[in-house]
Amino acid sequence: MKNFTFANPVKIIFGKGTIKEIAKEIPAEQRIMILYGGGSIKKNGVYDQVTKALEHHVWFEFSGIEANPHYETCREAVAAIRGHQVDFLLAVGGGSVIDAVKFIAAAARYEGDPWDFLTGKSRINRAMPFGTVLTLPATGSEMNKGFVISKAEIQEKLAANSPLTYPKFSILDPETTYTLPERQTANGIIDTFVHVTEQYLTFNNHALLQDYFAEAILKVLVEEGPRVFDHPADYNIRANLMWASTWGLNDWIGQGVTTDWATHMIGHELTAFFGIDHGQSLAIVLPGVMNVMRKEKEEKILQMGKNIFHLEKGTTDQRIDQTIASVENFFKSLGVKTKLSDYSVNEAGIQKVVNRFKERDWALGEHENITYGVVAEILGERK
Ligand code: NZQ
Ligand code: ZN
């Protein structure tokens with residue numbers, strides 16, 4: 001196990017009827033901007049609960065943050081925040097809204113072009129305080145410091161993070177997730193699954209607690225995930241999925257181990273170029289990564305096959321194939337397609353992604369050996 005130093009300062013308020021707690025978490029004299037997406041919160045009562053809780057605060061609102069949030073929209077939000085002299089931001093929605101608010105919180109306290117944070121040209125030195133009300137379990141953004149922003153103009157989707165972009169608090173009320181469309185529920189389960197594999201499915205780091213914890217999260221997803229579609233308003237299923245997704249990426253299971261993240265980096269390009277949902281992009285890429293990196297990941301693939309999918313028979317290669325098939329079948333059981341051709345991306349499309357990795361000269365994965373040529377192999381048609 002490698003050395004690590006870690007603190008996660010996010011206060012989690014979990015459970016039924018907890019949205020009203022935001023009133024106690026935000027000082028009474030602070031002027032608040034509520035930020036949200038395309039309006040799902042107005043249809044499912046979350047907006048009403050939030051505004052009721054803030055009836056004794058001064059608040060404003062900014063709506064229209066899109067999925068895979070755009071830099072351009074975030075700049076509009078910054079202008080509104082400055083105009084109203086807001087002190088505190090409240091993100092109400094899924095990962096896109098929360099990520100946008102992290103970026104906005106830093107951008108509102110920066111005089112230059114905040115895209116610099118994404119390209120690494122500038123570091124975040126100041127940020128506004130913010131809290132979140134999560135409505136879509138998937139990204140873990142409610143309990144981490146990362147954010148992913150897209151610049152539509154140049155079809156770029158980049159990630160950044162800062163110790164200053166942790167939420168002050170996050171409200172996790174599983175009842176808010178009853179109204180999720182099946183596609184988003186499935187995306188969230190897959191996103192969580194792949195957050196875990198990015199940190200666990202590498203090589204033996206001799207980090208037993210992290211491994212067993214990772215396997216516990218995967219088990220929750222594999223056992224409860226497929227059941228949620230027949231029981232969308234089952235509190236305990238939703239609660240387990242929500243808490244699992246927070247743990248998938250609150251960075252605990254990534255401590256002391258070498259992590260991968262190649263599936264995410266390749267997936268981000270599929271979203272940037274072709275608008276494929278984040279969860280869908282991961283369902284396409286992960287089986288390819290497992291297949292092409294089967295030698296490097298052998299020990300952990302076999303461990304996952306045994307402990308998650310109960311695969312113990314056959315040769316090493318057969319068990320690896322069975323594990324990859326089990327992962328793919330799990331994604332399919334959630335109604336998500338796993339081949340690029342299912343999303344009408346052809347050879348020319350793949351070449352576009354490969355060229356981008358070539359231009360950036362990126363070498364990804366736990367061994368930093370996934371270069372553009374390997375990306376081409378990963379995205380190539382599987383049998
Ligand atoms: O915009 P509204 O109307 O609210 O609708 C949203 C949106 O259309 C809808 N939705 C959310 N909660 C709902 C609901 N509909 C009905 N009932 C509810 N309770 O769902 C749609 C998708 O929402 P979005 O926030 O885009 O989804 P998700 O949470 O999957 O976030 C994806 C974004 O997070 C980034 C992704 O790249 C992507 O941009 N990620 C952020 C990470 C992080 N900060 O750590 C890590 C992840 O790997 C990921 O990259
Ligand atoms: Zn993700």
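In each ligand, atom 1 is the first atom listed, and ligand 1 is the first ligand listed.
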Measure from every N or O atom of ligand 1 to the protein's N or O atoms and keep only the pairs below 3.5 Å, writing each with atom names and distance to 0.1 Å.
| from | atom 1 | to | atom 2 | distance (Å) |
| --- | --- | --- | --- | --- |
| ligand 1 | 1 (O) | G38 | N | 2.7 |
| ligand 1 | 3 (O) | G38 | N | 3.2 |
| ligand 1 | 3 (O) | G39 | N | 3.1 |
| ligand 1 | 3 (O) | S40 | N | 2.9 |
| ligand 1 | 4 (O) | S40 | OG | 2.7 |
| ligand 1 | 12 (N) | T135 | O | 3.4 |
| ligand 1 | 12 (N) | T135 | OG1 | 2.8 |
| ligand 1 | 17 (N) | T179 | OG1 | 2.8 |
| ligand 1 | 19 (N) | T135 | O | 3.1 |
| ligand 1 | 19 (N) | T176 | O | 2.9 |
| ligand 1 | 25 (O) | G95 | N | 3.2 |
| ligand 1 | 25 (O) | S96 | N | 2.9 |
| ligand 1 | 25 (O) | S96 | OG | 3.4 |
| ligand 1 | 26 (O) | S96 | OG | 2.5 |
| ligand 1 | 29 (O) | G95 | N | 2.7 |
| ligand 1 | 31 (O) | S96 | N | 3.4 |
| ligand 1 | 37 (O) | K157 | NZ | 2.7 |
| ligand 1 | 39 (O) | N68 | OD1 | 3.1 |
| ligand 1 | 39 (O) | K157 | NZ | 3.3 |
| ligand 1 | 44 (N) | D99 | OD1 | 2.7 |
| ligand 1 | 44 (N) | D99 | OD2 | 3.3 |
| ligand 1 | 44 (N) | S141 | OG | 3.3 |
| ligand 1 | 44 (N) | G146 | O | 3.0 |
| ligand 1 | 45 (O) | N144 | OD1 | 3.4 |
| ligand 1 | 45 (O) | N144 | ND2 | 3.0 |
| ligand 1 | 48 (O) | H195 | NE2 | 2.7 |
| ligand 1 | 48 (O) | H264 | NE2 | 2.8 |
| ligand 1 | 48 (O) | H278 | NE2 | 3.0 |
| ligand 1 | 50 (O) | H268 | NE2 | 3.3 |
| ligand 1 | 50 (O) | H278 | NE2 | 3.3 |

Which class fits the ring pair W59 and Y47: parallel under 30°, tilted 30 to 60°, perpendicular over 60°?
->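 Because their plane-to-plane angle is over 60°, the rings of W59 and Y47 count as perpendicular.
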Backbone of G279 reached by a side-chain donor or acceptor of D277 within 3.5 Å |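 No, D277 side chain to G279 backbone: no donor-acceptor pair under 3.5 Å.
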Hey, is the main chain of G37 close enough, under 3.5 Å, to the side chain of S63 for a donor-acceptor pair?
->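 No, the answer is negative, given that no donor and acceptor are paired below the 3.5 Å cut-off.
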Look up atom CD1 in I98 and atom CG in L134, then write down how far apart they are to the nearest 0.5 Å.
->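 These two atoms lie 5.0 Å from each other.
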So how many protein N, O or S atoms does the Zn ion (ligand 2) have within less than 2.8 Å?
->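 If we list every protein N, O or S atom nearer than 2.8 Å to the Zn ion (ligand 2), we get 4.
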Ring centres of F117 and Y110 under 6.0 Å apart?
->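 When the ring centroids of F117 and Y110 are compared, they turn out to be within the sub-6.0 Å range.
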Check [Y] with [X], please: is the shortest side-chain N to carboxylate O separation under 4.0 Å?
| X | Y | value |
| --- | --- | --- |
| D113 | K121 | no |
| K24 | E21 | yes |
| E156 | R360 | yes |

Using the side-chain hydrogen bond (donor to acceptor under 3.5 Å, both in side chains) rule, take T135 and T176 through it: C-alpha gap first, then chi angles, then the decisive distance, then the call.
-> CA-CA 5 Å; T135 65; T176 64; 5.6 Å; no
